[in-house]
Amino acid sequence: VEKREIPMYYMAITRYAEELLAALDTLPGWPERVKTMQANWIGKSFGVRFAFPYEVDGRSEKLWVFTTRADTIMGVTFAAVAAEHPLAARAARDNRKLAEFIEECKRGSVMEADLATIEKQGMPTGISITHPLTGEAVPVWVGNYVLMAYGEGAVMGVPGHDQRDFEFATQYGLPIRSVIKPRDRDPELPLTQAYVEYGICYNSGKYNGLDYARAVDAIAADLKAKGLGDKQVLWRLRDWGISRQRYWGCPIPIIHCGTCGDVPVPDSDLPVVLPEDCVPDGMGNPLAKRPDFVNCTCPKCGKPAQRETDTMDTFVDSSWYYIRFACPDSARAMADERVAYWLPVDQYVGGIEHAILHLLYSRFWTRVMRDLGLVAFDEPFANLLTQGMVLNEIYFRRADGGRASYYNPAEIDASVDEAGNRSAVLKADGAPVEFGGIGTMSKSKNNGVDPQELVDRYGADIARFFMMFTSPPEDTLVWSDAGVEGAARFLRRLWNFAYEKQSVLAGQRPVRPVDWSAAPEELRKARKEIHSTLKQANYDIGRHQFNTVASAGMKILNALERAPGAIASPGPTAAQPIPQALVTDGLSILIRLIAPIAPHLCHCLWRELRFGEDVLAAPWPEHDPAALIEDEIELVVQVNGRKRGDVRVPRDADTTTIERIVLALSFVQKAIAGLTVKKIIIVPGRLVNVVA
RNA sequence: GCCGGGAUGGCGGAAUUGGUAGACGCACGGGACUCAAAAUCCCGCGGUGGCGACACCAUGAGAGUUCGAUUCUCUCUCCCGGCACCA
């Protein structure tokens with residue numbers, strides 16, 4: 001932790017930028033999209049850092065900038081600095097209007113999203129700098145779109161080849177110069193937008209004819225020779241400011257002493273305990289108004305001193321709670337030997353909204369603890385499942401003061417008329433409310449849904465089964481409980497079916513081996529349906545697509561109910577061994593397959609049907625490959641890529657046989673009448689396409 | 001604005017490496033059972049035309065690659081998440 005400027009404390013996450021980026025390749029259990037987002041966020045860019053020399057107050061100064069497009073350096077027509085840049089401050093000293101502009105910029109939002117969408121504004125500083133390669137004079141502007149926190153807080157302006165610079169130059173009448181030859185347009189025509197693609201340098205003196213890589217090499221070498229620049233790697237990632245002016249965070253254990261400076265609280269005095277009776281009044285940090293908390297003595301010299309009142313960002317705690325979970329009662333250390341047993345986390349589940357901040361901070365924090373010798377691993381989470389957001393409608397009313405109060409969608413009657421207009425009223429008073437769109441469930445928007453309602457109405461298994469059935473976990477979902485009846489019906493149907501079979505099945509285990517090849521066609525088909533469904537379900541579990549696992553359970557029950565003899569009167573085992581074996585096999589698969597989705601019901605059925613004591617201890621069901629083999633296979637028949645019918649052929653039919661059979665089909669003959677067959681494409685086991 | 005993801009029937013969704021679009025459900029319509037209702041069971045259910053066999057259209061929009069595109073490429077529209085202090 002470093003304290004840089006009052007009142008901010010920082011974590012030096014940028015020191016780990018290289019490792020955090022490179023180690024993404026060591027995380028096969030993480031979704032690609034999350035790794036991509038993190039890589040972009042860390043933002044490693046290769047470029048050139050160079051300086052424009054200038055004179056001010058009789059001194060020689062340099063304005064440093066960073067660029068990833070050094071190949072366009074000959075197209076520089078201006079430079080722009082952030083409002084916080086020292087050059088801007090110097091220029092504002094004798095320019096009142098500029099000083100006002102700078103103040104206005106500083107008052108604006110610092111959020112990236114706001115900065116990126118604001119209208120580009122700027123003002124000339126009156127200071128002129130020298131192009132390091134051409135020696136030309138270049139004007140310096142202050143631009144509200146330049147970020148002090150990234151790079152040097154200053155940029156070169158190449159309106160011909162950077163869209164932001166182009167807009168800025170167009171707005172303020174600055175010259176635009178093309179130095180990269182466009183591939184498919186006349187370079188002499190005036191530009192309507194920046195040409196940002198890579199290409200060959202022209203209008204660039206000695207660099208003419210060079211491509212991007214060669215131009216950057218040559219330009220960087222020339223700048224280096226003049227002592228005015230070199231290649232540089234720049235990161236988008238910034239250090240992590242952790243100070244918050246709130247009282248309910250984790251205290252920052254620092255004491256400010258007039259004599260000794262900033263002194264850490266000694267280990268023996270930790271933890272710093274917050275008062276529990278603070279009342280936030282919306283005016284700064286309430287801790288600062290608590291002398292009983294603030295006033296203390298310096299641990300070094302014993303003189304009166306002040307305790308730090310900033311607390312830590314909540315992300316700090318969430319960056320290592322999972323390590324502490326392994327040893328929550330450890331009084332002497334952050335982490336003890338139990339951590340080595342439990343960590344890294346095998347399977348982490350969290351919302352996609354944490355793809356960057358929380359998950360990156362955690363990866364950083366783990367490395368800090370590693371480097372302090374507290375843990376022995378690099379990555380906290382071996383496998384990551386990122387849930388999609390569950391969304392719901394947002395309704396609110398705005399009082400005269402402008403503050404919105406939100407109403408839960410359950411309290412609202414909403415309707416959409418034929419023209420698609422949405423109207424909504426509050427049930428309680430019948431008066432209209434505004435529709436605020438559809439967004440993530442949150443306390444502040446009061447649009448959450450408590451699953452307890454479903455549990456109360458249907459029971460935990462049905463509520464759980466329904467939610468698993470509704471969509472794959474990684475998808476965004478607009479909440480609706482329409483369809484929960486389907487889950488209820490299915491589980492009821494399963495229960496009834498199983499109980500109908502109970503008297504037949506109970507006490508007859510183990511089932512003696514059945515010769516399925518001797519079974520009637522219908523039963524073999526049913527068994528094939530069950531086992532191919534199981535095969536697919538096991539594949540789906542591997543890719544976390546649990547909704548289709550739930551539907552596989554439904555399909556298996558459908559197959560069992562439809563199988564002839566399976567539901568008919570049980571009869572003696574010896575007389576009807578095959579239908580009973582089918583039911584036994586099918587139920588055994590079905591119960592184990594959906595046990596994780598409807599655990600209570602499956603646990604109970606497993607025991608009642610005497611399959612065993614504990615369904616969770618039973619081996620996971622695997623399909624029988626023999627059940628999937630048939631003597632004949634069905635092929636889809638297409639003509640010119642369009643389905644015309646299907647045909648059954650022997651399983652081992654060769655290409656010539658299949659072609660002969662297909663060409664003889666009447667619907668194929670009809671479709672190719674008057675055409676010549678050019679070729680026949682056969683996808684084994686799937687389809688035949690006749691191209692004519 | 002930038003980064004990431006998404007768009008398939010009235011609804012949730014399915015379609016493994018490009019190979020039958022709409023599995024499995026919900027809702028809805030018809031029927032059976034019932035004095036009646038609920039529950040349950042059976043049938044139907046993308047659109048257009050046709051009595052029908054069937055034909056054509058259809059996976060946000062537009063182009064492209066391919067024998068064949070929901071799937072791959074490009075452009076666009078809209079929606080969701082994140083954007084570093086949601087006080």
Side-chain angles (χ1 to χ4, degrees), chain A residues 8 13 31-41 43 110-118 120 145 149 163-164 236-246 249 280 282 284 313-315 351-357 360-361 386 388-389 391 437-440 442-445 466 469-472 474-487 489-490 492-493 496 533 535-536 539-540 542-543 545 547-555 557-558 561 634-646 667 670 678-683 685-692:
Chain A
M8 280 300 260
I13 189 171
E32 281 309 316
R33 61 169 160 160
V34 173
K35 291 192 274 188
T36 305
M37 280 190 260
Q38 292 214 350
N40 290 341
W41 184 261
V110 292
M111 287 169 66
E112 191 192 336
D114 295 335
L115 282 173
T117 47
I118 49 166
K120 283 169 193 57
Y145 66 100
Q163 189 58 27
R164 283 182 312 183
R236 206 187 81 95
L237 184 67
R238 309 203 298 261
D239 276 336
W240 173 17
I242 60 155
S243 296
R244 298 291 181 270
Q245 294 75 53
R246 294 193 294 212
D313 183 2
T314 52
F315 273 123
I352 185 66
E353 79 273 24
H354 290 128
I356 294 173
L357 293 183
L360 190 62
Y361 290 147
T386 44
M389 298 284 89
L391 315 178
I438 290 174
T440 316
S442 70
K443 273 187 240 171
S444 63
K445 297 273 162 52
F466 164 65
F469 178 70
T470 291
S471 81
E474 306 211 48
D475 283 11
T476 303
L477 174 75
V478 180
W479 175 257
S480 159
D481 62 9
V484 66
E485 286 295 338
R489 270 199 279 267
F490 165 67
R492 220 178 292 138
R493 208 149 52 86
N496 290 337
T533 301
K535 183 183 180 188
Q536 179 66 42
Y539 176 81
D540 290 342
R543 56 176 179 156
Q545 189 171 283
N547 57 327
T548 48
V549 177
S551 84
M554 293 176 170
K555 284 184 190 177
L557 183 59
N558 287 346
E561 287 184 341
E634 193 167 275
L635 294 177
V636 169
V637 180
Q638 296 183 335
V639 176
N640 289 330
R642 188 177 270 276
K643 187 193 173 186
R644 293 298 167 179
D646 40 47
F667 58 81
K670 194 178 142 198
K678 290 183 194 132
K679 61 175 164 174
I680 300 176
I681 291 159
I682 298 177
V683 182
R686 281 187 178 270
L687 66 70
V688 182
N689 186 15
V690 180
V691 185

(message) What's the closest nucleotide to the side chain of T440(A) if the choices are A55(B), A23(B), G81(B)?
(response) G81(B)
(message) Base, sugar-phosphate or nothing for G553(A)? Non-hydrogen atoms, less than 4.0 Å.
(response) nothing
(message) So A113(A), base contact, sugar-phosphate only, or nothing? Heavy-atom distance under 4.0 Å.
(response) base
(message) Could you tell me how far G81(B) sits from G29(B) if I compare only their C1' atoms? Round to whole Å.
(response) 40 Å
(message) Given G13(B), C67(B), G82(B), identify the nucleotide with an atom nearest to the side chain of I681(A).
(response) C67(B)
(request) Select base, sugar-phosphate, or nothing to describe what S471(A) touches, counting heavy atoms under 4.0 Å on all strands. (result) sugar-phosphate
(request) Sticking with atom C1', work out how far A69(B) lies from G62(B), rounded to a whole angstrom. (result) 15 Å
Sort me out a list of protein N/O and nucleotides 39-45 of chain B N/O pairs below 3.5 Å, or just none if empty.
unit_1	atom_1	unit_2	atom_2	d
U40(B)	OP1	R492(A)	NH1	3.1

(message) For A55(B), give the paired nucleotide (Watson-Crick: N1-N3 plus N6-O4 or O6-N4; G-U: N1-O2 and O6-N3; both under 3.5 Å), or none.
(response) U48(B)
(message) Between U34(B) and A27(B), how far apart are the two C1' atoms, rounded to whole Å?
(response) 24 Å
(request) Just call it for N558(A): base, sugar-phosphate, or nothing, with non-hydrogen atoms closer than 4.0 Å on any strand. (result) sugar-phosphate
(request) Using a heavy-atom cut-off of under 4.0 Å over every strand shown, decide if L391(A) touches base, sugar-phosphate, or nothing. (result) sugar-phosphate
(request) Could you check which of A84(B), G19(B), U16(B) has an atom nearest any side-chain atom of R686(A)? (result) G19(B)
(message) Can you tell me the base-pairing partner of A84(B)? Count Watson-Crick or G-U wobble geometry only, both distances below 3.5 Å, and say none if there is no partner.
(response) none
(message) Closest-nucleotide mapping onto RNA chain B: is N640(A) or M389(A) further toward the 5' terminus? I mean the 5' end.
(response) N640(A)
(message) In whole Å, I'd like the distance from the CD atom of Q545(A) to the P atom of A23(B).
(response) 15 Å
(request) State which residues pass side-chain contact (heavy atoms from CB on, under 4.5 Å) with K679(A); sequence neighbours excluded, sorted by chain then number. (result) I681(A), V691(A)
(message) Can you tell me whether the side chain of Q638(A) and the base of G19(B) have a donor-acceptor pair closer than 3.5 Å?
(response) yes
(request) Look at all strands and tell whether R644(A) reaches a base, only sugar-phosphate, or nothing, counting heavy atoms closer than 4.0 Å. (result) sugar-phosphate
(request) Send over the distance from R642(A) CZ to C56(B) C1', rounded to a whole Å. (result) 7 Å
(message) At 4.0 Å (heavy atoms only), tell me whether L477(A) reaches a base, stays on the sugar-phosphate, or touches nothing.
(response) sugar-phosphate
(request) Check every strand shown and say whether R543(A) touches a base, only sugar-phosphate, or nothing at a heavy-atom separation below 4.0 Å. (result) sugar-phosphate
(message) Using only atom types and a distance under 3.5 Å, with no angle test, would you say the side chain of T548(A) pairs donor to acceptor with the backbone of S551(A)?
(response) no
(message) For a quick test of reading the model, state the closest non-hydrogen atom pair linking M554(A) to G486(A) and the distance between them.
(response) CE-O, 4.3 Å
N/O to N/O distances under 3.5 Å, protein versus nucleotides 2-9 of chain B:
unit_1	atom_1	unit_2	atom_2	d
C3(B)	O3'	N40(A)	ND2	2.7
C3(B)	O2'	N40(A)	ND2	3.0

(request) Answer yes or no: is there an ion pair linking E634(A) with R686(A), defined by an N-O contact shorter than 4.0 Å? (result) no
(request) May I have the distance from L357(A) (atom CG) to C86(B) (atom P), rounded to whole angstrom? (result) 9 Å
(request) Check every strand shown and say whether I680(A) touches a base, only sugar-phosphate, or nothing at a heavy-atom separation below 4.0 Å. (result) nothing
(message) Closest-nucleotide mapping onto RNA chain B: is V636(A) or G439(A) further toward the 5' terminus? I mean the 5' end.
(response) V636(A)
(request) Specify the separation, in whole Å, of atom CD1 of I682(A) and atom C1' of G19(B). (result) 13 Å
